[in-house]
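Counting convention: from 1, in listed order, for ligands and their atoms alike. Excluded from the calculations below are hydrogen atoms, water molecules and symmetry mates; all remaining heavy atoms, backbone and side chain alike, are included.
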Amino acid sequence: MKRPRPGVLTFFWQWLKNPLRTAALVPSSSELAYAMIAELPDDTQRVIELGGGTGAITRELLAAGIHASQLLVLELNEELHAHLHARFPGVHVVLGDARSLPELASGCGFLDEGLADAVVSGLGLLTMPPTLQRDILAAALACLRADGVFIQFTYGPAAPLADSVVKQLGLKVHRGDFVLRNVPPATVYVYSRHAAAAAH
Ligand SMILES: C[S@@+](CC[C@H](N)C(=O)[O-])C[C@H]1O[C@@H](n2cnc3c(N)ncnc32)[C@H](O)[C@@H]1O
């Protein structure tokens, strides 16, 4: 019998318990992870991942050369956090809400060595109200270097962030790859500060 991909059953069980928060039936595919990694700035060393799940994207970030000590993975679900902690020794695996990212990233010492070059998000932003989207983005921007990027995947045809949030935070958006080999197929979006906003 063909064995399921690592984490598939763990993830599905968490989805049964809280479908809205888990936001996906199965972990992301390697192809989706590669499409996100392709959007990292060339000189990327330090990455924050929001909503690590069972580690489908974490694994590919490490395989792409991000050093474990330069990676922070945040997860809100206690069981998934414990799974990530056991699976990725040396990575800063933190339990908590993305809205509290600056405090959590400082608390574990990640920000002592500087801001992140990129935030990679697996959160279900599209289904969140704009106020929550704004709070999460503001928290992520506080941990990102001025020209850093916020990389998000989404399942719907629309961009994951509300236009009002993009405007309010002075962001620009670029659409990355559409990935058919994912359940469901997904598109990558990249948000970054406008030059004027980055200068402040
Ligand atoms: C769609 S899953 C993505 C999991 C994994 N990154 C992947 O791509 O397979 C979203 C994950 O975000 C977590 N999550 C949801 N809301 C969160 C929040 N406010 N802060 C941190 N993690 C959150 C969920 O528990 C879930 O593991």
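When each atom of ligand 1 is checked for a heavy atom of G53 under 4.0 Å away, the hits are 4 (C), 27 (O). Counting the atoms of ligand 1 from 1 in the order shown, those under 4.0 Å from a heavy atom of A98 are 18 (C), 19 (N), 20 (N), 21 (C). Atoms of ligand 1 found under 4.0 Å from any heavy atom of G96, numbered from 1 in the order shown, are 20 (N), 21 (C). Atom numbering of ligand 1 starts at 1 in the shown order; those under 4.0 Å from a heavy atom of F153 are 8 (O). Of all atoms in ligand 1, listed by their number and element, those nearer than 4.0 Å to a heavy atom of L76 are 16 (N), 17 (C), 18 (C), 19 (N), 20 (N), 21 (C), 22 (N), 23 (C). The S28 neighbourhood of ligand 1 comprises atoms 7 (C), 8 (O), 9 (O), with distances under 4.0 Å to a heavy atom of that residue. When each atom of ligand 1 is checked for a heavy atom of L80 under 4.0 Å away, the hits are 27 (O).
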Requested in this report: Tell me, with the steps shown, if E60 and I37 meet side chain to side chain contact (heavy atoms under 4.5 Å, CB included).
Outcome: CA-CA 8 Å; E60 301 304 345; I37 289 166; 3.6 Å; yes
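No side-chain heavy atom of L71 sits less than 4.5 Å from a side-chain heavy atom of H92. Using a 4.5 Å heavy-atom cutoff, the side chains of T58 and V73 are in contact.
At a heavy-atom cutoff of 4.0 Å, ligand 1 is contacted by both the backbone and the side chain of D97. In I57, the part holding a heavy atom less than 4.0 Å from any atom of ligand 1 is the side chain. Only the side chain of E49 comes within 4.0 Å of ligand 1, judged by heavy-atom distances.
For the 3.5 Å distance criterion, the side chains of H174 and E39 qualify, holding a donor opposite an acceptor. Donor-acceptor pairing under 3.5 Å is lacking for the side chains of D117 and T44. With 3.5 Å as the limit, one finds no donor-acceptor pair spanning the side chains of S30 and R181.
The shortest N/O to N/O separation between E75 and ligand 1 falls below 3.5 Å. Where the criterion is an N or O separation shorter than 3.5 Å, residue side chain and backbone included, N77 fails it with respect to ligand 1.
Membership of the apolar cluster around L180 extends to F178, as traced through chained side-chain contacts below 4.5 Å between ILVMFWY residues.
The shortest separation from a heavy atom of G52 to ligand 1 is under 4.0 Å, placing the residue in contact. The shortest separation from a heavy atom of G55 to ligand 1 is not under 4.0 Å, leaving the residue out of contact. Taking a 4.0 Å cut-off on heavy atoms, L50 fails to register as neighbouring ligand 1.
Looking at S121, P27, G51, it is G51 that brings a heavy atom closest to atom 12 (O) of ligand 1.
Under the rule for a side chain to side chain donor-acceptor pair (under 3.5 Å), the partners of R46 that lie at least two apart in sequence or sit in another chain are Q70.
In plain terms, the two heavy atoms of V179 and A35 that are nearest each other are CG2-CB, 3.6 Å.
Connection of L50 to L171 is established within a shared hydrophobic cluster, with ILVMFWY side chains joined at heavy-atom distances below 4.5 Å, either directly or through further cluster members.
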